[in-house]
Amino acid sequence: MEDAATASVVEVKDGAVSMASAFAVDEEAVQDRDHKFLRKAIEEAYKGVECGDGGPFGAVVVRNDEVVVSCHNMVLRNTDPTAHAEVFALREACKKLNQIELSDFEIYTSCEPCPMCFGAIHLSRIKRLVYGAEAEAAIAIGFDDFIADALRGTGFYQKAHLEIKKADGTGAVIAEQIFEKTKAKFPMY
């Protein structure tokens with residue numbers, strides 16, 4: 001017996017063979033599911049703005065069709081520039097589950113993640129990211145922490161007045177040695 005993802009109907013008519021797959025139905029089910037969890041992330045974004053916690057961003061971490069955590073941007077409430085919805089959701093999910101690796105999970109975000117959030121999502125090993133609005137929507141109203149801004153040459157990094165320099169000489173060597181000297185203490189995943 002074939003499962004729904006591979007079920008197909010073969011029809012021969014006037015010598016032509018055509019095949020219809022049940023995949024289209026599965027795509028629609030996935031899209032409905034994605035919309036359901038994306039709406040929850042968007043609701044969180046509104047909630048965060050309404051209560052003054054932070055910008056219009058929400059995130060939902062899901063496992064096996066169940067919401068593990070649902071969070072919004074907490075930058076203003078926590079006076080923490082890293083308390084973006086995605087980072088906050090990952091922190092809360094890891095704390096709740098007492099684990100740092102979320103490879104069986106998905107994250108739904110109201111907006112395309114900034115570089116920090118994308119990095120956190122990557123580091124948590126989330127298996128799937130679904131986002132709603134593109135970064136340009138946030139950039140258009142003044143949020144400027146998106147890599148898209150820099151790539152488009154709109155000058156965010158120039159506005160930041162941030163000098164970036166890699167240490168050289170002894171400082172660099174000493175900093176690099178910590179990884180070799182401590183690697184046995186960190187078996188990764």
Side-chain angles (χ1 to χ4, degrees), residues 26-97 99-166:
D26 293 339
E27 276 185 31
E28 191 173 308
V30 168
Q31 187 177 33
D32 288 348
R33 181 180 174 280
D34 286 351
H35 288 172
K36 172 182 143 184
F37 293 122
L38 188 56
R39 276 192 298 274
K40 190 145 188 65
I42 293 164
E43 288 170 11
E44 275 292 335
Y46 278 114
K47 179 178 167 186
V49 170
E50 289 171 13
C51 64
D53 287 344
F57 305 96
V60 177
V61 175
V62 175
R63 181 179 188 193
N64 298 329
D65 289 333
E66 286 187 33
V67 172
V68 176
V69 294
S70 182
C71 299
H72 54 264
N73 184 290
M74 298 289 282
V75 168
L76 298 176
R77 170 172 282 214
N78 292 354
T79 319
D80 177 358
T82 69
H84 291 197
E86 299 91 334
V87 171
F88 203 71
L90 294 172
R91 288 175 182 162
E92 292 300 306
C94 289
K95 190 183 320 178
K96 180 177 184 177
L97 301 164
Q99 63 188 57
I100 61 169
E101 189 264 326
L102 302 172
S103 62
D104 291 337
F105 297 77
E106 300 167 285
I107 190 165
Y108 292 82
T109 65
S110 61
C111 187
E112 182 178 0
C114 73
M116 177 187 68
C117 293
F118 182 79
I121 291 165
H122 171 73
L123 290 172
S124 72
R125 306 296 193 251
I126 287 274
K127 71 178 179 181
R128 187 164 182 260
L129 159 67
V130 177
Y131 67 88
E134 291 186 353
E136 289 78 7
I139 292 167
I141 65 165
F143 288 91
D144 59 4
D145 53 355
F146 290 90
I147 197 75
D149 192 31
L151 294 175
R152 287 167 185 76
T154 55
F156 164 67
Y157 289 100
Q158 290 78 17
K159 287 191 299 185
H161 304 291
L162 172 65
E163 179 185 346
I164 301 173
K165 178 188 181 289
K166 182 189 178 303

Query - Residue Gln99 excluded, over 12 heavy atoms near CD under 6.0 Å - result: yes
Report task. Kindly compute the distance separating CZ (Arg33) from CG (Leu38), expressed to the nearest 0.5 Å. Result -> 12.0 Å
**Report entry** Mutual orientation of the aromatic rings belonging to Phe143 and Phe57 [parallel < 30°, tilted 30-60°, perpendicular > 60°]
**Finding:** perpendicular
**Report entry** Nearest atoms (heavy-atom pairs only) where Cys111 meets Glu86
**Finding:** O-OE2, 3.8 Å
Report summary line: Minimal heavy-atom distance between Val87 and Cys117, with the atoms involved, is CG2-SG, 3.9 Å
Query raised in the report: In Å and rounded to the nearest 0.5 Å, what is the CD1 to NE2 distance from Ile42 to His35?
Result: 9.0 Å
Requested in this report: Decide side chain to side chain contact (heavy atoms under 4.5 Å, CB included) for Glu44 and Tyr108; before the verdict, give the C-alpha distance in whole Å, the side-chain angles of both, and the deciding distance to 0.1 Å.
Outcome: CA-CA 11 Å; Glu44 275 292 335; Tyr108 292 82; over 6 Å; no
Query raised in the report: If you look at every heavy atom in Leu102 and Cys94, which pair is closest and at what distance?
Result: CD1-SG, 3.8 Å
Report summary line: dist Ile100:CD1 -> Ser124:OG (nearest 0.5 Å) comes out at 9.5 Å
**Report entry** Exercise: identify the closest heavy-atom pair between Asp104 and Arg63
**Finding:** OD2-NH2, 3.4 Å
Query raised in the report: Between Ile107 and Ala59, what is the shortest heavy-atom contact and its length?
Result: CD1-CB, 4.3 Å
Query raised in the report: Any donor-acceptor pair under 3.5 Å linking the side chain of Lys96 with the backbone of Val68?
Result: yes
Query - Asn78 CG to Phe88 CZ distance, which is reported to the nearest 0.5 Å - result: 5.5 Å
Query raised in the report: Would Lys36 and Val62 count as a side chain to side chain contact (heavy atoms under 4.5 Å, CB included) if you check the C-alpha gap in whole Å, the side-chain angles of each, and the deciding distance to 0.1 Å?
Result: CA-CA 11 Å; Lys36 172 182 143 184; Val62 175; over 6 Å; no
Query raised in the report: Could you walk me through whether Val130 and Phe37 pass the side chain to side chain contact (heavy atoms under 4.5 Å, CB included) check?
Result: CA-CA 9 Å; Val130 177; Phe37 293 122; over 6 Å; no
Requested in this report: For Lys127, look at atom NZ and say whether over 12 heavy atoms of other residues, nucleotides or ligands are found less than 6.0 Å away.
Outcome: yes
Report summary line: So salt bridge (Lys or Arg N to Asp or Glu O under 4.0 Å) across residues 48-59, not counting sequence neighbours, yields Asp53-Arg77
**Report entry** Cys51 versus His72, closest heavy-atom pair with distance
**Finding:** SG-NE2, 4.1 Å
Report summary line: Sorted by chain and residue number, the ring pair (Phe, Tyr, Trp, His ring centres under 6.0 Å) partners of Tyr131 (sequence neighbours excluded) come out as none
Requested in this report: Using atom types as modelled and distance alone, determine if a side-chain donor or acceptor of Asn64 lies under 3.5 Å from a backbone N or O of Glu66.
Outcome: no
Query raised in the report: Would you find a donor on one side and an acceptor on the other, under 3.5 Å apart, between the side chain of Glu112 and the backbone of Ala135?
Result: yes
Query raised in the report: Is the shortest distance from a Lys or Arg side-chain nitrogen in Asp34 or Arg128 to a carboxylate oxygen in the other one below 4.0 Å?
Result: yes
Query raised in the report: Met74 versus Arg91: any side-chain heavy-atom pair under 4.5 Å?
Result: no
Query - Contacts of type side-chain hydrogen bond (donor to acceptor under 3.5 Å, both in side chains), residue Thr79, not counting sequence neighbours - result: none
Requested in this report: Please answer whether the main-chain N or O of Ser103 pairs with a side-chain N or O of Glu101 as donor and acceptor at a distance below 3.5 Å.
Outcome: yes
